[in-house]
Q: 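Before anything else, here's the structure in question.
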Amino acid sequence: MASDTRPVIANLDFNDIKKDIIRHFQSRSEFQDYNFEGSSLNLLVDILAYNTHYNALSANFLVNEMFLDSALLRKNVVSIAQALNYTPRSARASKAKLTLSIPKLSGSNFYTLPAGSLFSSASGNLSFNFYTIEDYTIQYDNIDPVGTTKTLEIDVYEGTEVTQRFIVSQAANDFQRYELLNQNIDTSTLVVTVNGLKYQLVSEETQGINDVTKDSGVYFVDESRELTYYLKFGNGVIGKKPSAGDEILATYLVTSGPEANGVQTFTPNITGRGDITISATVTSNGGANIETINEIKDNAPNYFQTQYRAVTAKDYEAILKRNFADIQAVHAYGGEEVGKPGKVFFSIKPKNRDKLTPQEKLAISRDILTKFNLVTITPEITDPDIIKVIVKTIIQYDPAKLTTTPEVLVARAIALFNTLNTTYVGDFLESFRVSKISQEIINLDQAIVSANTRTNLRIDVNALNQVLDKPSFTFGNRLHEVIYAGEASFGAVCESTEFQRVGRQTFSKFRDDGRGNMQLVDVIQGEVTIVNPEAGTIDYATGDVAISDFDPADGDIGFIAYPESFDINASGNSILQISVGDSSARAIDKNDLISLNSFNVSRGK
């Protein structure tokens, strides 16, 4: 039997493909001594190799784009997500809650503030417009005289109000698409009417397809390939089909997303009602950009598994990520884990803050959780426990390979700490490994030969009206126990930043004594005086700290501890976060042995 001399393509590289084709030719007797270099046949081999190379790459790209995990193009990720009945979240307009004072006019006991009422605002050098997206009505009593003022609470949303008009053509197909021409649309503000009649949105959350008949006025929204959106209407079987000549009006907000968060000052611009004033304001929040590709990849399969109801902890996490944009991390757990059966708890870490505002918690409970939550389960939103990691790094570099300056190396390391807050750390149950951060620092520049890193921990508590918001807290890691630490030159294993007590000009702080007690001390001209030797307790094995009642002035107090290991574990409701302001880096020439020896990178301050 003749041997198989067909070429074997081992990889996608052009040169390897060409060598394999030549090897195939040379397996035949007539080409064994043929010199391909410089010959006309070499051009033909090049063409064959290029063709194979391009086809292999195209096939590889095509197959990658067919699967959610490996797809890179947003249009393909969105298309695959649609097969899971998942529509990526649009941009979200920042929302503020205003309380209006509205005087009664003569001749009417009612006043309706119409949808689309404008409230202008400014934040720094930026100005924004906020609109109502629904009508609000206030009622006065018959006996109320003209000028009687009543209050009305409203929600306003940031953006530019846009209305698009479509006329249904004779050639309209079933599920005809009507393109919305703007990007950064908040689809939750979309209002669609056909011949003046308001239509209802059918989405994966409403599961309204079961109740839709051939006469139902409904529409569907999907994302287009241009990061805009398009409307679809029924076909006469699933939803009412628009007739030729029907007028479709789509009104929505094009939003600035997160840029409008934090606005506190608003001015009403209501035609004919210059007497309306704002008596109270809740700062705007909730603005966000469109769902990213990575977020879609993570959320789509998890949301599909929930089947649009919240039963397990993972269901709650997927639903919250889908419906609330400002989430960096979320952790849900059953009340049975903390001795409170019948409840489910959520900890949410926003993207640029440590915790949600009370208004955001209320909105999540009222507008999101009530739609999916089981009747017998009570949801409760809690704040995450933020444990800050203080990173101190000694960078050794080779001056022969250095193309910048040591200061640039330090700046790159500090910038890296910010990046790592959302990669290796910054999520629930995500631990911190020194080996990872050291390797990341080494990868910053070819001149860096090593990075010696040590870590400390910090927890911030807030004092208000002489009461700490967290009198008991835990570092969640074993601490570096030193006998009589408060009296040793090494210093305390756990101590606080300095603060003032009510009615005193001197500064005070806490420190441990190495025997499980937290001392309250005064610091006067660098000298320490013990005020209360048993002002709290500390458990070195678990990292638990409890502070007794005392009289702090209002403000933040930071507690800094030295863990037994440089690797930090996260557990339960805690999130690790690199404290960039407290962290430091120092670049030292690898040949400067005196400086290297002067810096102790073992357990110590």
Q: Please list, one pair per line, the donor and acceptor atoms closer than 3.5 Å that link side chains of residues 359-368 to other protein atoms, with sequence neighbours excluded.
A:
from: Glu360; atom 1: OE1; to: Arg353; atom 2: NH1; distance (Å): 3.0
from: Glu360; atom 1: OE1; to: Arg353; atom 2: NH2; distance (Å): 3.4
from: Glu360; atom 1: OE1; to: Thr357; atom 2: N; distance (Å): 2.9
from: Glu360; atom 1: OE1; to: Thr357; atom 2: OG1; distance (Å): 3.3
from: Glu360; atom 1: OE2; to: Arg353; atom 2: NH2; distance (Å): 3.1
from: Lys361; atom 1: NZ; to: Asp383; atom 2: OD1; distance (Å): 2.8
from: Lys361; atom 1: NZ; to: Asp383; atom 2: OD2; distance (Å): 3.4
from: Ser365; atom 1: OG; to: Lys361; atom 2: O; distance (Å): 3.1

Q: Decide if the gap between the ring center of Tyr316 and the ring center of Phe346 is smaller than 6.0 angstrom.
A: yes
Q: Working to the nearest 0.5 Å, report the span between CZ of Phe266 and CG of Asn129.
A: 11.0 Å
Q: For the residue pair Tyr131 and Leu253, establish whether any side-chain heavy-atom pair is separated by less than 4.5 Å.
A: yes
Q: Is it true that Arg165 and Glu247 make a salt bridge, defined as a side-chain N closer than 4.0 Å to a carboxylate O?
A: yes
Q: Does this structure show an ion pair linking Asp460 with Lys388, if we count only N-O contacts that are shorter than 4.0 Å?
A: yes
Q: Check side chain to side chain contact (heavy atoms under 4.5 Å, CB included) between Asp155 and all other residues, then give those that pass, not counting sequence neighbours.
A: Lys95, Lys97, Tyr136, Tyr157
Q: Take the angle between the ring planes of Tyr303 and Phe372 and call it parallel below 30°, perpendicular above 60°, tilted in between.
A: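 Perpendicular.
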Q: Centroid separation under 6.0 Å, is that true for the rings of Phe233 and Tyr178?
A: yes
Q: Could you go step by step and tell me if Phe110 and Tyr140 meet the ring-ring contact (aromatic ring centres under 6.0 Å, His included) rule?
A: CA-CA 6 Å; Phe110 296 90; Tyr140 302 90; 8.7 Å; no
Q: I want to check something: taking the side chain as every heavy atom from C-beta on, are Thr267 and Phe119 in contact at a cut-off of under 4.5 Å?
A: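 Not in contact.
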Q: Return the set of residues passing side chain to side chain contact (heavy atoms under 4.5 Å, CB included) with Ala288 (not counting sequence neighbours), or none when no residue passes.
A: Arg92, Ala325
Q: Looking at side-chain heavy atoms only, is the closest gap between Thr132 and Leu113 below 4.5 Å?
A: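 Of all side-chain heavy-atom pairs linking Leu113 with Thr132, at least one is under 4.5 Å.
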Q: With Arg322 as the cation and Tyr86 as the aromatic partner, state whether NZ or CZ is under 6.0 Å from the six-membered ring centre and within 45° of the axis.
A: yes
Q: Would you call Asp222-Arg177 a salt bridge at under 4.0 Å N-O?
A: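 No salt bridge links Asp222 with Arg177.
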Q: Are Val192 and Phe166 packed together at the side-chain level, in the sense that at least one heavy-atom pair is separated by less than 4.5 angstrom?
A: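 Side chain of Val192 against side chain of Phe166, heavy atoms only: no contact under 4.5 Å found.
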Q: Treating Glu295 as the side-chain partner and Thr292 as the backbone partner, does any N or O pair qualify as donor plus acceptor under 3.5 Å?
A: yes
Q: Are the side chains of Ile17 and Ile21 in touch, meaning some heavy atoms are under 4.5 Å apart?
A: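 The answer is yes; the side chains approach within 4.5 Å.
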Q: Decide if atom NZ of Lys240 counts as having more than 12 heavy atoms of other residues, nucleotides or ligands within a radius under 6.0 Å.
A: no
Q: Work out which heavy atom in Pro114 is nearest to a heavy atom in Ser117; give both atom names and the distance.
A: O-OG, 2.7 Å
Q: About how many Å separate OG of Ser121 and CD of Gln264, when rounded to the nearest 0.5 Å?
A: 11.0 Å
Q: Is the ring pair Tyr50/Tyr54 parallel, tilted or perpendicular, if the boundaries are 30 and 60 degrees?
A: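 Rings of Tyr50 and Tyr54: parallel, as their planes differ by under 30°.
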Q: So, taking the atom named CG in Asn184 and the one named OG1 in Thr255, what distance separates them when rounded to the nearest 0.5 Å?
A: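 These two atoms lie 7.5 Å from each other.
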Q: Do Glu223 and Arg74 meet the salt-bridge criterion of a basic N to acidic O distance under 4.0 Å?
A: yes
Q: I need the single residue from Asn182, Thr160, Thr189 that forms a side chain to side chain donor-acceptor pair (under 3.5 Å) with Tyr252. Which is it?
A: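 It is Asn182; the other options fail the test.
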Q: Salt bridge check, Asp275 against Arg273: does any charged N sit closer than 4.0 Å to a carboxylate O?
A: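 A salt bridge is present here (some side-chain N lies under 4.0 Å from a carboxylate O).
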Q: Hey, does Ser583 have a side-chain heavy atom less than 4.5 Å from the side chain of Ile578?
A: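 In short, these two side chains touch, coming nearer than 4.5 Å.
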